[in-house]
Amino acid sequence: MAKHVFVTGGVASSLGKGLTASSLGRLLKSRGLRVVMQKLDPYINVDPGTMNPFEHGEVFVTDDGSETDLDLGHYERFVDVNLTRPSSVTTGSIYSSVIARERRGDYLGKTVQVIPHVTDEIKSRILALGNDDVDIVITEVGGTVGDIEILPFLEAIRQFRKDVGRDNVCYIHLTLVPFLGPSGEQKTKPTQHSVTELRSRGIQPDIIVCRSDKALSEGLKAKISMLCDVSQDAVVSALDAKNLYELPMALHHQGLDDLVLSILRFNQEEHPLALSSWETVVEKSNNATGRVKIGLIGKYINLPDAYLSVVEALRHAAIECGVMVDIEWIQAEDVTPMMAPGLLGHLDGIVIPGGFGERGIEGKIATATWTRENEVPALGLCLGLQTMVIDYARNVVGLEGAHSGEFRRDSPHLVIDLMEHQKSITDMGGTMRLGAYIAVLRPDTIVAKAYGELIVSERHRHRFEVNTKYRQRLEDAGLVCSGLSPDGALVEFIELPEHPFWVGTQAHPEFKSRPDRPHPLFVSFMRAAVDRKNSNIYAD
């Protein structure tokens, strides 16, 4: 039977529960244990697919087509496990399931209540991940203790230890120990109050992880230990880190993984730590020489988390190439043919990421034009590919007014549009391509050389495609459709062979990039940016 770790948080949101859980997952996997992760989110949306990126950050997509919280991206990057739909649980999905069961009569006329019906549904979602192929399930509870929304989740995980046995559950609570300048002291009172609130819900934490900008003294640890009823060695100091990939090592040095193994009754000698590959990543990151400037032309740049996986994929590629990457956030609406040289001229490479909605679309098209004409390495992701196709159709093929059916149904040349079978579907969700799809690459192309193979799988999240009616005209004008769906009907990759790197993909390859296994398409793009940087230096 799988054992379970529950990670809760208090005092404030955004303390780093997801990164703490992910780091623990990496440590346990590096000790030879089979780890899977899960997020319990308190919002009533069934999933984050329709939520505003300004409010929620990016929507992370799994292989099976689930639209999930961005924390699942952290889980996958750190633990290097492809997660599935059961790893993302929301209040909305829980209540939808309970109500559906009530309507079917599954409860035999009983009064449906939070306890036991809602809490039983939550527990069933947690248990579903603990199959015979898993040693440890790490479940993060979203929100903070004291929020009214998370009470059913807290009650469910409280009951869980009773259901599966004390030795099969470990509770970790993440809190804040702030430093107050006027007094010159770190204060433990927020931690005390947070743990008191958690204990009032029937949960006694086994481990308290304290976020702070300065290391906790042994005196402070002793104080927290006494007042919160945990052993002193179970008070873990989690300092702010400049490089988030140092977190697993930092938490290991604090003994977090040893504590968890002890609480869950694992023999530590049978599970030695093998973290060398991760340490190599951190070492390469910290010893990188040279810097490249990459522009990210986005619609949601006021909340960088909206492009979290893209940023991390760029960092992974930069580590592989031995450089540091400086990302410049450029508002798509600001890019015009006239402004492009001033906004983009100093960059070594440019990424045009995905998105939905018309705002900023002309700026992305202008970016595609400028990078193509000035031979600046450019990588288009999803909508980025579509804007590249629109640029090429307008400015090379000569299709005046070419556009996407998503934005201009009255365009004379809908080079991007829904496929015929999609046009009769009234449910917008039914027109989406979500999750992993196979692409067949054309030999000897940039993308084929980058991947090193001709059959690849990437995750998608979009509904509009390159219009097959225009594909031949685009190719006759020099655009290479370098990757197609297995039946040849859908364009998955485009490129210009004479350009240093002008590549678009209909997919979101950023979702599959890992720190110790960077995505090949991002690595190829980064190498092109480094080459441009070096050639500019020599030209000076």
Side-chain angles (χ1 to χ4, degrees), residues 1-10 17 21 36-48 66 68-69 71-72 83-174 194-207 229 263-265:
M1 182 180 71
K3 295 176 182 282
H4 294 262
V5 176
F6 295 102
V7 180
T8 58
K17 290 194 306 298
V36 70
M37 301 192 65
Q38 182 181 50
K39 177 75 180 289
L40 305 180
D41 264 313
Y43 49 76
I44 299 177
N45 306 64
V46 173
D47 62 47
S66 301
T68 73
D69 183 82
D71 272 320
L72 267 73
L83 301 177
T84 56
R85 188 177 304 275
S87 286
S88 180
V89 179
T90 68
T91 294
S93 68
I94 292 293
Y95 275 87
S96 293
S97 179
V98 169
I99 291 170
R101 292 184 64 186
E102 185 273 331
R103 292 289 85 189
R104 289 195 305 266
D106 293 359
Y107 298 120
L108 303 177
K110 292 183 178 179
T111 301
V112 180
Q113 297 177 290
V114 173
I115 303 171
H117 302 102
V118 170
T119 52
D120 282 353
E121 180 66 24
I122 295 170
K123 289 189 292 183
S124 73
R125 303 290 185 95
I126 299 169
L127 282 169
L129 287 178
N131 57 46
D132 293 338
D133 297 324
V134 175
D135 295 313
I136 296 181
V137 179
I138 301 176
T139 299
E140 175 193 349
V141 181
T144 56
V145 172
D147 295 344
I148 192 170
E149 295 94 341
I150 70 169
L151 293 181
F153 292 114
L154 295 180
E155 173 59 21
I157 68 172
R158 181 198 68 78
Q159 296 175 15
F160 203 85
R161 174 174 269 182
K162 180 177 181 295
D163 293 345
V164 302
R166 177 166 295 276
D167 292 345
N168 296 316
V169 172
C170 173
Y171 297 116
I172 299 176
H173 190 56
L174 186 74
S194 180
V195 172
T196 298
E197 178 69 25
L198 184 63
R199 293 170 70 181
S200 75
R201 301 301 170 189
I203 299 172
Q204 168 61 47
D206 300 296
I207 301 169
D229 197 21
I263 291 165
L264 296 178
R265 300 294 191 265

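The figures here come from the full heavy-atom set of this structure, side chains too, leaving out hydrogens, waters and symmetry mates. Note that the structure is a prediction, hence the values are computed from the model and not measured.
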Roughly how far, to the nearest 0.5 Å, is CG of Leu40 from OG1 of Thr139? 5.5 Å
Hey, is the main chain of Asp41 close enough, under 3.5 Å, to the side chain of Thr90 for a donor-acceptor pair? no
So, Thr144 side chain and Gly9 main chain: donor-acceptor pair closer than 3.5 Å or not? no
Heavy-atom side-chain contact between Ser87 and Leu129 under 4.5 Å: yes
Could you pull out all residues at least two apart from Asp47 that satisfy salt bridge (Lys or Arg N to Asp or Glu O under 4.0 Å)? none
Could you state the interatomic distance from CG (Leu83) to CG (Asp71), rounded to the nearest 0.5 Å? 11.5 Å
Rounded to the nearest 0.5 Å, how far does OH of Tyr171 lie from CZ of Phe160? 9.0 Å
Minimum-distance pair of heavy atoms, taken over all atoms of Leu72 and Ser88: CD2-CB, 4.2 Å
Rounded to the nearest 0.5 Å, how far apart are CD1 of Ile157 and NE2 of His4? 12.0 Å
Side-chain touch Val114/Leu151, heavy atoms, less than 4.5 angstrom: no
Partners passing side-chain contact (heavy atoms from CB on, under 4.5 Å) against Arg265 (at least two apart in sequence or in another chain): Asp167
Compare all side-chain heavy atoms of Glu197 with those of Ser200 and state whether any distance is below 4.5 angstrom. yes
Mind listing the closest non-hydrogen atom pair of Val164 and Asn168 along with its distance? O-ND2, 2.6 Å
Would you find a donor on one side and an acceptor on the other, under 3.5 Å apart, between the side chain of Ser97 and the backbone of Ile94? no
CZ/Arg166 to CG/Leu264 distance, rounded to the nearest 0.5 angstrom? 12.5 Å
Taking all non-hydrogen atoms of both residues, which atom of Ser96 and which atom of Val46 are closest, and how far apart? OG-CG2, 3.8 Å
Between Val112 and Val98, does a side-chain contact (heavy atoms from CB on, under 4.5 Å) hold up when you go through it step by step? CA-CA 8 Å; Val112 180; Val98 169; 3.6 Å; yes
Partners meeting ring-ring contact (aromatic ring centres under 6.0 Å, His included) with Tyr107 (sequence neighbours left out): His117
Evaluate the criterion side-chain contact (heavy atoms from CB on, under 4.5 Å) for residue pair Phe6 and Ile126; output intermediate values, then yes/no. CA-CA 10 Å; Phe6 295 102; Ile126 299 169; 3.8 Å; yes
Between atom CG of Leu127 and atom CD1 of Ile122, what is the distance when rounded to the nearest 0.5 Å? 12.0 Å
Can you sort out the partners of Asp147 under salt bridge (Lys or Arg N to Asp or Glu O under 4.0 Å), two or more places apart, ordered by chain and number? none
Among Ile207, Leu198, Asp206, Val141, side chain to side chain contact (heavy atoms under 4.5 Å, CB included) partner for His173: Leu198
Has the side chain of Gln204 got a donor or acceptor atom that lies under 3.5 Å from a matching backbone atom of Asp229? yes
So, for Val195 and Pro205, which heavy atoms are closest and what is the spacing to 0.1 Å? CG1-CG, 4.0 Å
What I'd like to find out is whether the side chain of Thr68 reaches to under 4.5 Å of the side chain of Lys39, using heavy atoms alone. no
Donor-acceptor pair, distance only, cut-off 3.5 Å: does the side chain of Thr91 make one with the backbone of Pro42? yes
Tell me every residue that passes salt bridge (Lys or Arg N to Asp or Glu O under 4.0 Å) with Arg104, counting only those two or more places apart in sequence or in another chain. Asp106
Who pairs with Glu121 by salt bridge (Lys or Arg N to Asp or Glu O under 4.0 Å), at least two apart in sequence or on another chain? Arg101, Arg125
